[in-house]
Amino acid sequence: MQDSRRIDQLESACFARWGYLLALNPLVSRIQLGASQDYDCYEAEVRAAFSHEAHSLGLALSSGGSIGDDALPVYAMFRLGGLLNMSGFRLQQLLGTRFVYGRALYQARLGSMPLLEGVYAGLAYEIADMPQAVPLNDRSSLQSGTANLAADTPLGVAYFGVGHTNQGTAAVCLYLGKLF
């Protein structure tokens with residue numbers, strides 16, 4: 001059973017220039033309600049965006065974990081990795097029972113073109129603490145830097161990004177589509 005609480009005052013889902021978002025997602029899993037295991041966990045997120053002329057700064061902080069001594073089954077563990085979610089790692093490469101994640105994203109609006117509402121260049125710094133569930137993976141404290149080009153197109157957002165981590169891994173990402 002999930003009961004989400006969300007206040008979203010960001011003026012854009014993809015290229016926010018001002019506003020804030022607060023979200024809390026508690027999850028209660030009970031065998032009596034048809035689940036395969038009892039556990040309680042949460043995920044919380046805070047985001048804010050600020051801008052001046054063509055420049056914007058987006059800050060994000062999110063966290064998740066189990067409540068109490070509950071052990072999370074593998075399918076309920078948290079995943080990080082992918083564009084602007086620890087960009088130097090592959091999509092959902094990081095797996096853990098808890099995490100804390102922070103991001104600072106600078107974007108400059110380069111202009112607009114026919115069929116493109118906006119074209120942006122961005123730099124991001126990401127940091128996370130996520131003890132890994134995979135035994136041979138000793139990562140816990142993680143950092144990632146990202147450079148990207150993005151556009152708001154009729155087909156949705158388009159991102160091309162390159163990320164690099166303090167672990168020495170790198171990833172290239174190409175994304176096109178609607179975020180939700």
Side-chain angles (χ1 to χ4, degrees), residues 1-16 18-50 57-105 122 124-144 146 148 150 156-157 159 161 163 165-167 169 171 173 175-180:
M1 178 172 47
Q2 189 168 352
D3 181 25
S4 297
R5 305 284 185 213
R6 185 179 189 95
I7 299 170
D8 187 349
Q9 296 297 309
L10 294 172
E11 58 60 69
S12 170
C14 303
F15 303 107
W18 55 267
Y20 63 92
L21 175 135
L22 305 169
L24 176 62
N25 299 312
L27 177 66
V28 176
S29 176
R30 294 291 178 261
I31 293 172
Q32 299 89 338
L33 298 175
S36 59
Q37 184 173 338
D38 285 345
Y39 65 91
D40 299 332
C41 65
Y42 74 94
E43 193 165 358
E45 180 180 20
V46 176
R47 280 194 267 160
F50 312 91
L57 176 65
L59 302 173
L61 180 63
S62 58
S63 177
S66 63
I67 299 170
D69 294 331
D70 292 341
L72 294 179
V74 172
Y75 61 83
M77 287 184 185
F78 301 97
R79 291 164 171 75
L80 293 176
L83 184 66
L84 299 177
N85 193 27
M86 293 310 290
S87 302
F89 295 100
R90 291 185 312 272
L91 184 65
Q92 299 184 356
Q93 179 179 350
L94 304 171
L95 177 70
T97 58
R98 66 171 180 81
F99 78 99
V100 176
Y101 167 82
R103 176 182 66 230
L105 170 65
Y125 173 73
E126 302 167 280
I127 188 166
D129 178 50
M130 182 182 214
Q132 295 297 288
V134 179
L136 296 176
N137 189 347
D138 62 355
R139 296 180 182 120
S140 177
S141 180
L142 310 160
Q143 297 176 42
S144 181
T146 309
N148 68 67
V157 297
Y159 274 97
T165 72
N166 65 329
Q167 305 288 324
T169 63
C173 178
Y175 178 87
L176 175 64
K178 302 283 184 193
L179 287 180
F180 38 105

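FYI, the numbering just counts along the sequence from 1. These numbers were taken from a predicted model, which means no experiment stands behind them.
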Provide the closest heavy-atom pair for [X] versus [Y] in the form atom of the first, atom of the second, distance.
| X | Y | result |
| --- | --- | --- |
| Ala104 | Leu59 | CB-CD2, 3.9 Å |
| Ala71 | Gln37 | O-NE2, 3.2 Å |
| Leu84 | Ala124 | CD2-CB, 3.9 Å |
| Ala128 | Met86 | CB-SD, 3.8 Å |
| Gly88 | Ser144 | N-OG, 3.0 Å |
| Ala171 | Ser87 | CB-O, 3.4 Å |

Subject >> Audit row: Leu91, Leu83, side-chain contact (heavy atoms from CB on, under 4.5 Å) steps and yes/no >> reply: CA-CA 8 Å; Leu91 184 65; Leu83 184 66; over 6 Å; no
Original post:
With no hydrogens and no angle check, is any side-chain donor or acceptor of Gln9 less than 3.5 Å from a backbone partner on Gly19?
Top reply: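 No, because the side chain of Gln9 does not come within donor-acceptor range (under 3.5 Å) of the backbone of Gly19.
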Subject >> Asn166 (side chain) donor-acceptor with Gln143 (main chain) under 3.5 angstrom >> reply: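 A pair under 3.5 Å: yes.
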Any non-hydrogen side-chain atom of [X] less than 4.5 Å from a side-chain atom of [Y]?
| X | Y | result |
| --- | --- | --- |
| Tyr20 | Ile7 | yes |
| Leu61 | Val100 | yes |
| Thr165 | Phe89 | yes |
| Glu126 | Leu142 | no |

Straight-line distance of [X] [atom1] to [Y] [atom2], nearest 0.5 Å:
| X | Y | atom1 | atom2 | value |
| --- | --- | --- | --- | --- |
| Leu80 | Phe78 | CG | CZ | 10.0 Å |
| Cys173 | Asn148 | SG | CG | 9.0 Å |
| Leu95 | Gln132 | CG | CD | 7.0 Å |
| Leu105 | Tyr125 | CG | OH | 14.5 Å |
| Tyr42 | Asn25 | OH | CG | 12.0 Å |
| Leu72 | Ser29 | CG | OG | 9.5 Å |

**OP:** Can you sort out the partners of Glu45 under salt bridge (Lys or Arg N to Asp or Glu O under 4.0 Å), two or more places apart, ordered by chain and number?
**Re:**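 Expected list: Arg47.
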Original post:
Hey, mind stepping through Gln32 and Asp38 against side-chain contact (heavy atoms from CB on, under 4.5 Å) and telling me if it holds?
Top reply: CA-CA 9 Å; Gln32 299 89 338; Asp38 285 345; 3.9 Å; yes
Subject >> Set of residues satisfying ring pair (Phe, Tyr, Trp, His ring centres under 6.0 Å) with respect to Tyr101, sequence neighbours excluded >> reply: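 So Tyr101 forms no ring pair (Phe, Tyr, Trp, His ring centres under 6.0 Å) with any residue.
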Original post:
Parallel, tilted or perpendicular: which fits the ring planes of Tyr39 and Tyr75, with parallel below 30° and perpendicular above 60°?
Top reply: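 Ring orientation of Tyr39 relative to Tyr75: perpendicular.
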Subject >> side-chain contact (heavy atoms from CB on, under 4.5 Å) between Arg30 and Asp40, intermediate numbers included >> reply: CA-CA 9 Å; Arg30 294 291 178 261; Asp40 299 332; 3.0 Å; yes
Original post:
Tell me, which pairs form a salt bridge (Lys or Arg N to Asp or Glu O under 4.0 Å) where one or both residues lie in residues 79-105, sequence neighbours left out?
Top reply: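 Those involving residues 79-105 are Arg98-Asp129.
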